[in-house]
Amino acid sequence: MRKLKNSELERLNVDEFKSAEKTPLIIILDNIRSLNNVGSVFRTSDAFLVEKIYLCGITAIPPHNDIRKTALGSTETVDWEYIEHTIDIVNQLKSENVNVISIEQAEHATMLNEFQPQANQTYALVFGNEVKGVAQDVVDTSDVVIEIPQFGTKHSLNISVSCGVVVWDVFSKMKK
């Protein structure tokens, strides 16, 4: 088995990415402290053709060197917008018939492996602060809360890891 060269990966250029059909997924970052996490979420969003990222509250916005070094240029491809209050974009998206999903450990949460996205539905995935998680008012307003099953002692994943796990899972289920 031979590793592929970068030239063999059939990467889209920026214009091709902008015009490509997007996955009906939106990412909302609720008060993310780590700029490296923000950059990693941009990179994951680029990989799976996410429609848009909303950066909320204290979440830093591009351009910033700490975002740039993990985003690897994806801040130029993925559409993004800053919104001061997370609940405002959640309410707006819900009014546009977007299904809002908080990724959180909560009572009556749906386990990620049990979640089945519906055809022709756009989903907004809310990822919360590294310490406090998704704000309670956002959890209360969400259509669904999804929990990533975990079996070790920590029951805690880095937000960029959580985003990668959830986006891949939902993306793969949408493509079936």
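- Ile87 and Ile32 are assigned to two separate hydrophobic clusters, defined by single-linkage of ILVMFWY side chains at heavy-atom distances under 4.5 Å.
- Hydrophobic clustering (ILVMFWY, side-chain heavy atoms < 4.5 Å, transitive): Leu55 and Ile101 are in one cluster.
- Residue His108 holds its NE2 atom at 12.5 Å from CD of Glu147, rounded to the nearest 0.5 Å.
- No donor-acceptor pair closer than 3.5 Å links the side chain of Asp30 to the backbone N or O of Phe127.
- Ser34 and Asn36 form no side-chain donor-acceptor contact under 3.5 Å, judged by distance and modelled atom types alone.
- For the pair Lys22 and Phe17, the cation sits on the ring face: its NZ or CZ lies under 6.0 Å from the ring centre, inside 45° of the axis.
- The closest side-chain heavy-atom distance from Gln150 to Gln105 is below 4.5 Å.
- A heavy-atom distance below 4.5 Å is found between the side chains of Cys56 and Ile89.
- Taking every heavy atom of both residues into account, Arg11 and Glu16 meet most closely at O-OE1, 4.1 Å.
- The closest donor-acceptor contact from the side chain of Ser40 to the backbone of Thr70 lies at 3.5 Å or more, if one exists at all.
- Looking at heavy atoms from C-beta onward, Lys94 lies in side-chain contact with Asp143 at the 4.5 angstrom threshold.
- Taking OG of Ser45 as the start and CG of Leu125 as the end, the distance is 9.0 Å to the nearest 0.5 Å.
- Not a single donor-acceptor pair under 3.5 Å links the side chain of Thr110 to the backbone N or O of Ile146.
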Practice prompt. Check step by step if side chain to side chain donor-acceptor pair (under 3.5 Å) holds for Gln136 and Asp140.
Written response: CA-CA 6 Å; Gln136 186 64 54; Asp140 292 341; 2.7 Å; yes
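- In this structure, the side chain of Lys69 does not engage the main chain of His64 through any donor-acceptor pair within 3.5 Å.
- Side chain of Tyr54 to backbone of Ile26: no donor-acceptor contact under 3.5 angstrom is found.
- There is no path of hydrophobic side-chain contacts, each under 4.5 Å, that joins Ile61 to Ile28.
- Of the possible donor and acceptor atoms, none in the side chain of Asp46 sits under 3.5 Å from a partner among the backbone N and O of Thr77.
- Transitive grouping of hydrophobic side chains (ILVMFWY, heavy atoms separated by less than 4.5 Å) keeps Val90 and Tyr82 in distinct clusters.
- Side-chain atoms of Ile53 and Val38, non-hydrogen and from C-beta on, never get closer than 4.5 Å to each other.
- Considering only heavy atoms from C-beta on, Gln92 stays 4.5 Å or farther from Asp88 through its side chain.
- Val41 is not listed as a side-chain neighbour of Arg43, based on a closest heavy-atom distance of 4.5 Å or more.
- In this structure, the side chain of Glu104 engages the main chain of Val134 through a donor-acceptor pair within 3.5 Å.
- Here the side chains of Thr122 and Leu25 are not in contact, with every heavy-atom distance at 4.5 Å or above.
- Counting only distance, with no hydrogens or angles, the side chain of Arg68 and the backbone of Gly73 share no donor-acceptor pair below 3.5 Å.
- Under a hydrophobic clustering in which Ile, Leu, Val, Met, Phe, Trp and Tyr are joined whenever their side-chain heavy atoms come within less than 4.5 Å, directly or via other members, Val126 and Val144 fall into different clusters.
- Expressed to the nearest 0.5 Å, how far CZ of Arg33 lies from CG of Leu35 amounts to 11.5 Å.
- Rounded to the nearest 0.5 angstrom, Ile67 CD1 and Leu72 CG are separated by 13.0 Å.
- At a threshold of 4.0 Å, the pair Asp79-Lys18 counts as salt-bridged, since one of the basic side-chain nitrogens sits closer than that to a carboxylate oxygen.
- Using a 4.5 Å cut-off on side-chain heavy atoms (C-beta onward), Cys163 and Ile27 make contact.
- Between Glu8 and Lys3, none of the side-chain N atoms (NZ, or NE/NH1/NH2) sits under 4.0 Å from a carboxylate O, so this pair counts as no salt bridge.
- Separation of the Phe171 and Tyr123 ring centroids does not fall under the 6.0 Å cut-off.
- A perpendicular orientation is assigned to the rings of Phe42 and Trp80, their planes being inclined by more than 60° (bins at 30° and 60°).
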